[in-house]
Amino acid sequence: MNNILTDTPPARVWDRSYTRAGGVIRANISGVYIGSRHHRNRGNGAAWFILSVIGVILIGGYALVQQRLGNGIGLSPRGTPVLAETTPTRSVEDFVILAEDSYKKGDYRGAINYYEQASRRKPNDASLYALAARLMVFIGQAPQAEKTVQKALQLDPKNAMAKAVLCMAIDWQGHYAEAVNRCMEATQLDPKSSMAYAYLGEAETDNGDINGGRASVQKALQLDPKNEDAMRDLGYNYEQSGDYSQAIYYYGKTLDLNPNMPHVLIALGRCEVVMGQVPKAVLYFKQAVALDPQNAEAYDRLGGAYFAIGEYDSARVALDKAIELDPMRVTAFTRRGILNFQLRRYEDAAADYTRALTTSQLVSTTLTAVDFVNYGFALQLTGNCTKAIGIFNQASSMANNDKDLQDEISVGLKRCSQQH
């Protein structure tokens, strides 16, 4: 019952204030009190004051724009533009270099930011949108990635790379058949695109065609033996086929090409859990968290792994962080529910499962039969058998062929009948 590692398949105010120059104000004040000559000059002083205000506002606006473009123009603490801090304007190429460097370090979010700044300077470059979208997928932002890469395809409908990234974004949202079609279009646009074949293989794997998926990924590696995504997808194919040893091998080969890939470290951890090597999985999940401290999935799985080895305090910290980062992460609620159940905090467990169920309905997913069984027992142990019976019946309908679960459901239903 307490299988916390059960999971669904692998599935940012500018202060516009300014400081008036004291000398300007004093000149105007002196003009009020001293002779007619000063009265004649008063109008000119006011004009110069107005011009100076306009100038400051224009400079400030320029600074704001340049800040947004990442050109390094700073503002003083009081908001006055400090032109002495101006750095040379960065080019598109500069931002692309920064993005690639961030990617190699495993800082996908930083890389996305740099690609987006490059796009602001060159908004008609489809490849920049595609590069950013690819990394959005890897940090769990597939819907945003789909919207971003659609901009690329509006600019260049025949961009094979953009079409391939669209395929992957759709695939990671669970629309497997549609993803296969988009990747097929990408391979037709560019039959020599290693990336297109890599993502095709991943989509085919998710769509249930393990052999076809493997052939497509191998084709991708023939075209480019150092394609990190193709190597990862080969590991994924083996993982989905149940050959976890081979999956671990190819995920390791991927890290040989680039050791700083949070999503690959998470994949390695998944496989190590299944292989019973939970302490190793903890290390991989912790590496992923170190590279991407905003990765809710990494914290979620880390919490599950900590639970499995009995480190409950660490498990709670990790699961709480996962929920803080992503309040719609269903598995974080179910894992924390199991944790609370284990610690006999049944009301908290029931609350977590309730959140998991309502959230799953919002994100169009479902709980597992095991989740429903655990939910039922949490309700039963808090005296809410009226609701528990319905939950147990839901679990029963989902686990017709699982004798062990059916036996547990029978126990739960019997306890509820005795409470009544």
Side-chain angles (χ1 to χ4, degrees), residues 1-11 106 108-109 138-140 235 239 244-245 247-248 251-252 255 259-357 359-360 365 367-375 377-378 381:
M1 178 180 70
N2 296 340
N3 184 11
I4 197 172
L5 296 174
T6 300
D7 198 355
T8 54
Y108 294 174
R109 297 172 199 273
F138 296 157
I139 62 172
E239 179 183 1
Y244 299 104
S245 295
I248 289 171
Y251 284 143
L255 293 180
N260 300 317
M261 304 182 78
H263 63 301
V264 178
L265 289 163
I266 291 171
L268 259 172
R270 287 196 309 257
C271 294
E272 294 291 2
V273 165
V274 176
M275 297 291 285
Q277 301 297 318
V278 183
K280 290 181 68 174
V282 168
L283 295 177
Y284 287 127
F285 295 143
K286 289 177 70 174
Q287 288 181 57
V289 165
L291 289 170
D292 185 5
Q294 298 182 62
N295 194 309
E297 182 183 1
Y299 280 106
D300 185 3
R301 294 185 181 277
L302 177 60
Y306 273 135
F307 176 90
I309 58 177
E311 296 189 20
Y312 298 149
D313 290 341
S314 295
R316 181 175 298 281
V317 170
L319 293 170
D320 287 350
K321 185 64 176 181
I323 291 169
E324 174 191 334
L325 291 168
D326 183 3
M328 306 299 285
R329 190 161 187 84
V330 174
T331 52
F333 285 112
T334 58
R335 287 188 170 114
R336 196 172 69 178
I338 279 287
L339 174 62
N340 282 323
F341 194 100
Q342 181 70 22
L343 298 175
R344 299 186 179 184
R345 299 169 60 168
Y346 302 125
E347 290 185 357
D348 289 339
D352 278 332
Y353 278 112
T354 299
R355 286 282 301 275
L357 181 58
T359 303
S360 70
T365 187
L367 304 187
T368 68
V370 172
D371 292 329
F372 277 107
V373 171
N374 293 329
Y375 187 15
F377 276 108
L381 289 165

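Of the inter-residue distances, the one linking Ile248 atom CD1 with Glu272 atom CD reads 4.0 Å to the nearest 0.5 angstrom. Taken from CG in Leu265 to CE in Met261, the straight-line distance is 9.0 Å, to the nearest 0.5 Å. Interatomic distance, Ile323 CD1 to Asp300 CG, rounded to the nearest 0.5 Å: 8.0 Å. Between the CD atom in Gln287 and the CG atom in Leu302 there is a gap of 11.5 Å [rounded to 0.5 Å]. In this structure, OH in Tyr284 is found 15.5 Å from CZ in Arg301, a value given to the nearest 0.5 Å. Annotation: the span from Arg270 atom CZ to Glu297 atom CD amounts to 6.5 Å, rounded to 0.5 Å.
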Quiz item: Run the side chain to side chain contact (heavy atoms under 4.5 Å, CB included) check on Cys271 and Gln277 step by step: do they pass?
Solution: CA-CA 9 Å; Cys271 294; Gln277 301 297 318; over 6 Å; no

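The one candidate from Tyr346, Phe377, Phe372, Tyr375 that meets the ring-ring contact (aromatic ring centres under 6.0 Å, His included) condition with Tyr353 is Tyr375.
For Glu311, the side-chain contact (heavy atoms from CB on, under 4.5 Å) partners two or more places apart in sequence, or in a different chain, are Tyr306, Ile309, Ser314.
The minimum heavy-atom distance between Ala296 and Ala322, with the atom names listed, is O-CB, 3.6 Å. A pairwise comparison of heavy atoms in Tyr251 and Ala267 identifies CZ-CB, 3.5 Å as the closest pair. Of all the heavy atoms in Asn295 and Pro262, the pair that sits closest is ND2-CB, 4.5 Å. When all heavy atoms of Ala288 and Ala298 are compared, the pair lying nearest together is CB-CB, 4.0 Å. Smallest separation of non-hydrogen atoms from Leu367 and Ala356: CD2-O, 3.9 Å. Taking all atoms of both residues into account, the shortest heavy-atom contact from Ile139 to Tyr108 is CG2-CB, 3.8 Å.
With contacts defined as side-chain heavy-atom distances shorter than 4.5 Å, the pair Asp292/Phe138 does not qualify. Within the 4.5 Å cutoff, the side chain of Leu268 has heavy atoms near those of the Leu255 side chain. Side chains of Asp320 and Arg336 form a contact here, defined as non-hydrogen atoms less than 4.5 Å apart. With contacts defined as side-chain heavy-atom distances shorter than 4.5 Å, the pair Asp371/Thr368 qualifies. Asn374 places none of its side-chain heavy atoms less than 4.5 Å from the side chain of Phe341.
For the residue pair Tyr299/Glu324, the side-chain donor-acceptor check at 3.5 Å is not satisfied.
Salt-bridge annotation for Asp352 and Arg335: absent, with no side-chain N of the basic residue lying under 4.0 Å from a carboxylate O of the acidic one.
Screening residues 314-336 for ring pair (Phe, Tyr, Trp, His ring centres under 6.0 Å) gives no qualifying pairs among residues at least two apart or on separate chains.
The backbone N or O of Gln294 lies less than 3.5 Å from a partner atom in the side chain of Arg109, making a donor-acceptor pair.
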